[in-house]
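Order of the sequence lines fixes the chain letters, A, B, ..., with proteins taken first and strands second; residue numbering starts at 1 for each chain.
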Protein chains: 2
Amino acid sequence: MSAPAARTERPAAESGSRRLILDMAARLLRSGGYHQTTLREIAEAVGIRKASLYHHFASKEEIVEAVVGDGVRFVHDAVAAALTGAGQAGPRRRLEAAIAAHLCALHGHGDYTSAAIKVFTFGSGPTPESVRLARRLYEDVWRRLIAELQEAQEVAPGCSAEALRLFLLGAMNGSIDWYRPERFDLGALAREFAALVAPGRPSD
Amino acid sequence: MSAPAARTERPAAESGSRRLILDMAARLLRSGGYHQTTLREIAEAVGIRKASLYHHFASKEEIVEAVVGDGVRFVHDAVAAALTGAGQAGPRRRLEAAIAAHLCALHGHGDYTSAAIKVFTFGSGPTPESVRLARRLYEDVWRRLIAELQEAQEVAPGCSAEALRLFLLGAMNGSIDWYRPERFDLGALAREFAALVAPGRPSD
DNA sequence: TTCGCCCTACCGTCCGGCAGGTAGGCACTG
DNA sequence: CAGTGCCTACCTGCCGGACGGTAGGGCGAA
């Protein structure tokens with residue numbers, strides 16, 4: 001239930017309570033968004049009083065920033081690992097693996113990534129630099145993958161790399177509005193998606 | 001500025017103030033979502049006191065319901081008109097026209113449609129039946145169009161009709177997060193998306 | 001006179017955040 | 001060993017303000 005979701009980039013330097021707070025915040029942010037999620041709800045889910053949250057975080061925005069940052073890093077790591085695992089397979093296979101990893105991060109484990117998609121922008125001020133950086137680094141993964149596909153001429157012509165990337169990420173992230181585990185299979189969905197973007201021989 | 005955006009389906013039976021309230025509510029909902037948008041903001045934008053809103057609507061949810069319903073009907077009408085205009089052109093051309101109409105409704109005119117996408121679900125209770133019906137009717141337009149494309153074998157194989165529809169609508173609606181009029185051209189974007197979904201000869 | 005439209009003033013509730021206090025543990029010192 | 005001081009972690013209680021919503025009155029037009 002409260003398994004350490006984003007263990008990848010965390011050197012176990014968490015105080016325990018802090019991670020638990022983020023777990024609960026991620027769950028609430030995923031289902032309710034920024035304004036609907038209150039500190040009282042988070043504190044109640046953790047089992048402490050609201051004021052105690054301020055021993056771990058300076059503000060609500062700091063909690064949300066941590067959740068969103070972890071969410072983006074989590075999906076980034078998952079996709080990067082999938083691409084490494086796909087190794088020198090054909091670009092089409094690598095695309096399929098990346099799509100599956102992104103969808104799995106969104107729906108398979110944890111609430112961090114879907115919370116990161118849902119709140120996208122939050123708080124009063126501009127998006128914190130840490131989050132913007134994490135987001136940019138993740139976008140670059142897809143930019144490189146799409147360039148790879150275009151170089152291998154695996155992708156439908158007549159669509160620019162940037163439009164393709166935005167289409168792809170928009171369609172995948174939109175799945176948080178309609179995906180239900182009992183109605184869809186993530187692997188099949190990834191295959192269908194890859195077939196759409198990179199038509200032709202799947203055994204490449 | 002305050003041009004009647006959703007004139008299409010409204011037989012001018014509006015009280016004037018009511019339409020103005022909805023215009024302002026749509027603008028605020030578009031940029032801030034449901035919980036961020038307050039009745040005080042709406043009233044101030046209209047130029048009246050907050051309590052006066054209750055002479056036209058019974059609650060905040062009723063205002064939002066009207067905006068979202070109009071937004072869905074507006075994009076529905078726009079896409080249906082585009083398809084009628086495309087007449088007996090090839091399915092690929094009809095798809096392009098529909099995508100262009102949807103994107104134009106989102107970004108070209110009025111705030112109703114983008115507000116409808118942004119708030120998707122709102123309020124405490126379930127989505128009102130009127131909104132769910134309007135949404136379902138609009139979805140059917142795309143279901144029919146995609147069936148048309150599949151029948152003509154214009155669409156990439158290996159992707160089911162339902163997945164294709166969800167991907168396409170998700171990608172288009174996701175554009176509210178990244179579309180900037182000075183960086184993209186709606187017509188070009190529509191062509192690129194259509195090329196992605198229905199690859200091959202564009203002159204069909 | 002009636003009615004549509006808008007007003008001022010107020011309600012109870014919940015928000016994020018802050019001040020200040022307390023219980024227990026750990027380390028150091030005489 | 002006792003005593004002291006500091007630390008983390010949490011608590012109670014409150015603040016100013018914003019929220020959606022309500023009550024009741026004014027006022028011009030028909």
### Task
Mark yes or no: Arg73(B) above the aromatic ring of Tyr112(B), with NZ or CZ under 6.0 Å from the six-membered ring centre and no more than 45 degrees from the axis.
no
### Nucleotide dG20(D), atom P - distance to CD of Glu62(B) in whole Å
15 Å
### Message
From CG of Leu20(A) over to P of dA9(D), roughly how many Å is that when rounded to an integer?
### Response
13 Å
Report each atom pair, protein N/O against N/O of nucleotides 6-16 of chain C, whose distance is under 3.5 angstrom.
unit_1, atom_1, unit_2, atom_2, d
dC6(C), OP1, Ser17(B), OG, 3.3
dC6(C), OP2, His56(B), NE2, 2.9
dC6(C), N4, His55(B), NE2, 2.2
dC7(C), OP2, Arg49(B), N, 2.6
dC7(C), OP2, Ser52(B), OG, 2.8
dT8(C), OP2, Arg49(B), NE, 3.2
dC15(C), OP1, Thr38(A), OG1, 3.4
dG16(C), OP1, Lys60(A), NZ, 3.1
dG16(C), OP2, Leu39(A), N, 3.1
dG16(C), N7, Arg40(A), NH1, 3.0
dG16(C), O6, Arg40(A), NH2, 3.2

### Task
Go through the steps for His56(A) and Ser17(A) under the test side-chain hydrogen bond (donor to acceptor under 3.5 Å, both in side chains), then give the verdict.
CA-CA 8 Å; His56(A) 302 278; Ser17(A) 288; 4.6 Å; no
### Query
Hey, are Glu139(A) and Arg136(A) close enough for a salt bridge, meaning a charged N less than 4.0 Å from a carboxylate O?
no
### Query
Is it true that the NZ or CZ of Lys60(A) lies under 6.0 Å from the centre of Tyr34(A)'s six-membered ring and within 45 degrees of the ring axis?
yes
### Task
Using the test side chain to side chain contact (heavy atoms under 4.5 Å, CB included), find all partners of Lys118(A) that sit at least two apart in sequence or belong to another chain.
none
